[in-house]
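Data block below; observations after.
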Number of protein chains: 2
Amino acid sequence: MATLKDVARLAGVSVKTVSNVVNGYEFVKPDNRRRVEEALATTGYRPNIGARNLRRGRTGSLALVLPELSIPYFGEMAGLVLEAAGEHEWNVLIEQTLGTRDRERSTLAALGPHMIDAAIVSPEALHARDFDQLDPGIPVVMLGEHSVDVPIDHVGIDNVLAATVATSHLVELGRRRIAAIGAHPYRGTATQRLDGYRAALTAAGLPLRHEYIVQALNYHRRDGADAMAHLLSLPEPPDAVFCFNDLLAIGALRAAAEHGVSVPRDVAVVGFDNNEESAYSMPSLTTIAPDKAAIAHSAVDLIRRRININGGQNLAPEDVQTPFSLEIRESTR
Amino acid sequence: MATLKDVARLAGVSVKTVSNVVNGYEFVKPDNRRRVEEALATTGYRPNIGARNLRRGRTGSLALVLPELSIPYFGEMAGLVLEAAGEHEWNVLIEQTLGTRDRERSTLAALGPHMIDAAIVSPEALHARDFDQLDPGIPVVMLGEHSVDVPIDHVGIDNVLAATVATSHLVELGRRRIAAIGAHPYRGTATQRLDGYRAALTAAGLPLRHEYIVQALNYHRRDGADAMAHLLSLPEPPDAVFCFNDLLAIGALRAAAEHGVSVPRDVAVVGFDNNEESAYSMPSLTTIAPDKAAIAHSAVDLIRRRININGGQNLAPEDVQTPFSLEIRESTR
DNA sequence: CAGGGTCTTTACAACGTTGTACCAACGATG
DNA sequence: CATCGTTGGTACAACGTTGTAAAGACCCTG
């Protein structure tokens, strides 16, 4: 593999002149520039990024920390973050935490300032004090989850509002026994979505019935199916269900079908996330559709802001709210 | 950020002795070792991976090149590759090609030997000669697609056999008008799956009807729906369909429902890939289930083999076939 | 043609790490 | 006591790049 030295020898100039040509430095004599460019071409020179970064003190990589790539929402988000980061010539190193606090913590701790310039974290089980682990010099943006006590940049939609919109939609359909699937003991977004659900019911003058609020410790399809089966076994089953993500909703659709309950006639279902699969489920799924591309771009922008503005240490943490919409499909039609 | 030098000064030893302690070198006096370890702890030293790799001549990263993370199959595969690579302390840099030959080629070319130790590539549109772009010093493993002319390691299932199994399953159900969705002008796996489909029909003494073979230029849900709609509009529509991936099949299920055609009664459907969503579709999808974890592990193993065995340059390219099974669900029951 | 500025190039050091070579102390051996 | 091998430690160079400082070439002005 050719190095600057090799190219310099071939072109008959110093190493630094080659470096200057490679980096687009202005003041190089046309004659030398030509010879260097020829030498670059014949050697097929490619800069050693590692060495460059060692010298420059940055790495050119971002870390993207998320629970699991096999979960559609995170797969889609990861793809968009890759694209957004690529526009600024960042490589992306993806780390999976599998949603456990242990792995989230150790990943945060292992994120040496040497491997990456910044991190985008989609936490699931982190506590506020876990962020102490993190090197203070490295900017972090949190996606989705919004741990209030941590002074860290954050991007996401207004979960309370979105949940209210979703629940109100069910109210407007004339449903009166509206359940929620996805309550969670300490997941922040779950709490916010539950708040929005409650707010919508209260605004509509509907009672809050605790038996209509079902926990889900994981947000997989199976959990949604189990929760729905439970709801349908109640003496007075709901006539609508708001699920805190699309996977839960997909599971709920299946459980409904297996119980011979028609969606949306007997039970209307709303999801959250707008996974690609939700447009094709049977029936297709009404869902809250966050603007995922906007989330990805905002996250990258927040990082650029902290990196470019001298250290960005004493910038106040920002909280960017990205738009969302309610995508109405067959499951509530 | 503390460096070896800082730790050495604090412990009152040379830089190299600290380096020796960090790297577990045996012959360090207990007394010094203790002092160094204390200094390491108080400074919170973390090795600069970039510098280490520059010195050692390796990067500690793999590239994973695939079409799109938002496609469930690749999301799931990426997650498994991350885990498999993590077991050997490799970081994974993911690059999306969006399935275009241009981006696949430029990604291959940009894969300097400096950023990564090796690459795992899941090509979609690459031609054999595109691999010339690649630095010969960097090991590559291809997933799925098997471009015959390229002397490169490869991991995947036996696509011809798997397609035969899928099609034969439909034959055994008593279906006689079996269609295939997913033919593709130059995608290798498509050709192989078509071969397997043809072989199964021939073995069963069924005629090959060209109107039952539908192209799909992309393998998304929409393409499957379009193809199915087309098939159902034929004067003699099929009574079974083998789709070359699960997304096509999911689309086909929806098109069938929209045409008032019952699955599996009127048309049985088989997919390929066993996406997680396929166990929850309505009806759930019979599908070829490759052992994805085995693919991920084999790919990482092939890379380790090439890297460990001195240069691995003159090792014959290996072709690892991983197991698969037929997962029978409602769509053929 | 001396003086000054602008362009152009270069040698050197440094980023943080590790391999190599070498030196020093030590106990054991002859 | 000279020699040797083992153990423990160090100085230095090198990985490939770029910032700094300084030197050289050039052109203008008076």
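Lettering follows sequence order; numbering is per chain, from 1. Every heavy atom of this structure was used, including side-chain atoms; hydrogens, water molecules and symmetry mates were not.
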Distance check: side-chain N/O of A:T3 vs OP1/OP2 of D:dC15, anything under 4.0 Å? no
Quick check on D:dT18: is either OP1 or OP2 less than 4.0 Å from any side-chain nitrogen or oxygen of A:S19? yes
Are OP1 or OP2 of C:dG16 and a side-chain N or O of B:R52 less than 4.0 angstrom apart? no
Please report, rounded to the nearest Å, how far the P atom of D:dC15 is from the CZ atom of A:R46. 21 Å
Check this for me, if you would: do B:D273 and B:K292 make a salt bridge, where the nitrogen-to-carboxylate-oxygen distance has to be below 4.0 angstrom? no
Take the protein atom NZ of B:K5 and the nucleotide atom C1' of D:dA11, then report the distance between them rounded to whole Å. 14 Å
Side chain proximity check, A:L62 to A:I116, heavy atoms < 4.5 angstrom: no
Would you kindly give the NZ-to-P distance between A:K29 and D:dG24, to the nearest whole Å? 15 Å
Does A:K16 contact D:dG19 through a side-chain donor or acceptor facing the base, at a distance under 3.5 Å? yes
Are OP1 or OP2 of C:dT10 and a side-chain N or O of A:T17 less than 4.0 angstrom apart? yes
Any donor-acceptor N or O pair under 3.5 Å, side chains B:T59, B:N53: no
Check each of B:R304, B:R56, B:R58 against B:D117 using the salt bridge (Lys or Arg N to Asp or Glu O under 4.0 Å) test, and report the only one that passes. B:R58
Whole Å only: how far is the CE atom of B:M1 from the C1' atom of C:dT17? 14 Å
Atom CG of B:L4 to atom P of D:dT10: distance rounded to whole Å? 13 Å
Whole-Å distance separating the CZ atom of B:R56 from the P atom of D:dC15: 17 Å
B:D6 CG to C:dC15 C1', in whole Å, measures 13 Å
Steps toward side-chain contact (heavy atoms from CB on, under 4.5 Å) verdict (B:T42, B:L10): CA-CA 9 Å; B:T42 64; B:L10 186 59; 3.3 Å; yes
Between B:N20 and B:A51, whichever has its closest DNA chain D nucleotide further toward 5' is B:N20
From the candidates D:dG8, C:dT18, C:dA13, the one with an atom nearest any side-chain atom of B:F27 is D:dG8
Side-chain N or O of B:N23 versus OP1/OP2 of C:dT18: is the shortest distance under 4.0 Å? yes
On DNA chain D, compare the nucleotides closest to B:V15 and B:L54; which residue's is nearer the 5' end? B:V15
Over how many whole Å does the gap from A:I49 atom CD1 to D:dG16 atom C1' extend? 11 Å
Any side-chain N or O of B:Y25 under 4.0 Å from OP1/OP2 of D:dT10? no
